[in-house]
Amino acid sequence: MSNKHVSVEQVSQSFKDGMTVMVGGFLGVGAPELLVKAILDKEIKDITLITSDTGFVDKGVGPLIVKHQVTKVIASHVGTNAETGRQMIAGEMLVELVPQGTLAERIRCGGSGLGGVLTPTGVGTIVEENKQKLCVDGVEYLLEKALRADIALLKAKKADRAGNLIYDKSARNFNPVMALAADLVIVEVDELVENGEIDPDEVMTPGVLVDQIICIGGCK
């Protein structure tokens with residue numbers, strides 16, 4: 001498909017109650033705010049959210065937590081969103097905290113068809129509870145299972161109509177790896193250009209991984 005540019009309304013048709021969704025970015029930087037708002041507006045419920053952090057109450061994925069649209073969150077950091085901690089302590093939402101490197105590797109495994117990753121991080125701590133432990137060459141590792149999602153929501157600086165992406169600075173954190181690990185990949189971009197206008201050497205996520213694009217900035 002040479003033109004994957006769609007409207008927010010078309011994208012919203014893919015949002016369903018009970019979906020597992022990955023959202024890129026860190027502390028709201030590099031997060032697709034318009035796509036998050038689309039989920040808010042459609043009042044999608046029972047979401048399993050996989051993300052590096054839960055942002056702030058009014059930024060990033062934070063509003064999804066505030067509106068009680070998330071049933072479970074898998075993240076590395078929740079400290080900047082007080083509502084996440086409150087709902088976790090109150091038993092209103094499940095929170096699985098994962099060391100950031102382990103989280104990235106679990107997503108990468110999900111995108112690469114691997115069952116999981118072996119890591120010494122968490123051995124001998126509460127993290128190892130209910131997890132398989134293996135010994136390799138005398139070293140103990142935890143098996144951290146791969147993560148995949150129904151939908152990945154990404155933010156990029158620029159795309160062409162085929163979906164080839166360029167990210168801005170730190171937005172290159174979780175967005176590229178999440179593009180590999182979801183059945184449907186939707187990207188929000190600042191700028192959309194015609195096919196062939198992005199230098200192949202600059203492409204950070206190839207268009208074959210991207211299904212739909214919405215543009216919030218200039219669209220040629």
Side-chain angles (χ1 to χ4, degrees), residues 18-32 46-55 60-62 64-65 70-81 84-155 165 167 169-185 187 204-206 208-210:
M19 67 179 181
T20 297
V21 57
M22 291 181 178
V23 181
F26 180 73
L27 295 178
V29 177
D46 300 326
I47 296 170
T48 295
L49 176 64
I50 302 170
T51 183
S52 71
D53 61 279
T54 53
V61 298
L64 296 175
I65 306 293
V70 178
T71 303
K72 179 179 181 180
V73 62
I74 301 173
S76 295
H77 176 62
V78 299
T80 54
N81 188 336
T84 304
R86 191 201 65 76
Q87 291 185 24
M88 177 178 66
I89 293 169
E92 299 172 4
M93 180 177 66
L94 295 174
V95 176
E96 181 180 345
L97 287 172
V98 182
Q100 194 164 67
T102 302
L103 179 63
E105 284 299 299
R106 291 178 68 184
I107 296 169
R108 185 187 63 81
C109 288
S112 301
L114 303 175
V117 59
L118 295 179
T119 174
T121 303
V123 171
T125 74
I126 194 173
V127 174
E128 73 174 36
E129 288 184 2
N130 302 316
K131 292 179 180 172
Q132 188 175 352
K133 195 156 57 173
L134 295 93
C135 185
V136 180
D137 294 334
V139 179
E140 288 189 322
Y141 296 91
L142 298 183
L143 172 62
E144 296 280 5
K145 294 182 179 178
L147 292 171
R148 286 192 58 84
D150 299 311
I151 299 176
L153 303 180
L154 313 181
K155 175 67 187 294
L165 305 180
Y167 302 99
K169 304 181 181 68
S170 59
R172 211 181 305 184
N173 48 23
F174 276 89
N175 282 297
V177 70
M178 287 179 174
L180 294 160
D183 297 337
L184 179 67
V185 177
V187 59
M204 298 169 185
T205 292
V208 68
L209 299 174
V210 176

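FYI, the numbering just counts along the sequence from 1. Note that the structure is a prediction, hence the values are computed from the model and not measured.
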**Fill in**
For Pro99 and Ser76 the tightest heavy-atom approach is C-OG, 3.6 Å
**Asked** Would you say the side-chain atoms of Thr51 pair up with the backbone N or O of Met22, donor to acceptor, closer than 3.5 Å?
**Response** no
**Message:** Between Arg106 and Glu96 (salt bridge meaning N to carboxylate O under 4.0 Å), is one present in this structure?
**Reply:** yes
**Message:** Testing the basics here: between Phe174 and Gly24, what is the closest heavy-atom pair and its distance to 0.1 Å?
**Reply:** CB-CA, 4.5 Å
**Message:** Strictly distance-based, threshold 3.5 Å: is any side-chain N or O of Thr125 a donor or acceptor partner for the main-chain N or O of Val127?
**Reply:** yes
**Closest non-hydrogen atom pair between Tyr167 and Leu154, with its separation** = OH-CD1, 4.1 Å
**Asked** What are the two closest heavy atoms between Ala149 and Thr20, and how far apart are they?
**Response** CB-O, 3.5 Å
**Item:** Inter-residue atom distance Leu142.CG - Glu129.CD, 0.5 Å rounding
**Value:** 11.0 Å
**Prompt:** Does any non-hydrogen side-chain atom of Pro32 lie less than 4.5 Å from one of Val187?
**Reply:** no
**Message:** Can you give me the closest heavy-atom contact between Pro176 and Ala171, atom names plus distance?
**Reply:** CD-O, 4.2 Å
**Prompt:** Is Arg148 close to Asp183 at the side-chain level, that is, under 4.5 Å between some pair of heavy atoms?
**Reply:** yes
**Donor-acceptor under 3.5 Å (Thr71 side chain, Thr48 main chain)** = no
**Prompt:** Is there a donor-acceptor pair closer than 3.5 Å between any side-chain N or O of Asn175 and the backbone N or O of Gly30?
**Reply:** yes
**Request:** Search all heavy atoms of Ala182 against all heavy atoms of Val185 and return the closest pair with its distance.
**Result:** O-CG2, 4.1 Å
**Item:** Straight-line distance of Leu97 CG to Met88 CE, nearest 0.5 Å
**Value:** 6.5 Å
**Message:** Can you confirm whether Lys133 is buried at NZ, in the sense that more than 12 heavy atoms of other residues, nucleotides or ligands lie under 6.0 Å from that atom?
**Reply:** yes
**Asked** Which of these passes side chain to side chain contact (heavy atoms under 4.5 Å, CB included) with Glu144: Leu103, Leu118, Val117?
**Response** Val117
**Item:** Over 12 non-hydrogen atoms of neighbours within 6.0 angstrom of CD1 in Ile126
**Value:** no
**Message:** A side-chain contact here means heavy atoms from C-beta on lying under 4.5 Å apart; do Ser170 and Phe26 qualify?
**Reply:** no
**Asked** What's the spacing between Ile50 CD1 and Ile151 CD1 if we round to 0.5 Å?
**Response** 12.0 Å
**Request:** Could you grab the distance from atom CG of Asn173 to atom CD of Gln100, nearest 0.5 Å is fine?
**Result:** 7.5 Å
**Request:** Step by step, work out the side chain to side chain contact (heavy atoms under 4.5 Å, CB included) result for Leu180 and Arg108.
**Result:** CA-CA 7 Å; Leu180 294 160; Arg108 185 187 63 81; 5.6 Å; no
**Request:** Please answer whether the main-chain N or O of Gly25 pairs with a side-chain N or O of Ser52 as donor and acceptor at a distance below 3.5 Å.
**Result:** yes
**Message:** With heavy-atom distances below 4.5 Å as the criterion, would you say the side chains of Leu49 and Val21 are in contact?
**Reply:** yes
**Prompt:** Taking C-beta and beyond as the side chain, do Met93 and Ile65 meet within less than 4.5 Å on heavy atoms?
**Reply:** yes
**Item:** Residues Lys131, Glu128: salt bridge by 4.0 Å N-O rule
**Value:** no
**Message:** With side chain to side chain contact (heavy atoms under 4.5 Å, CB included) as the test, pick out the partner of Val73 among Val61, Asp53, Thr54.
**Reply:** Thr54
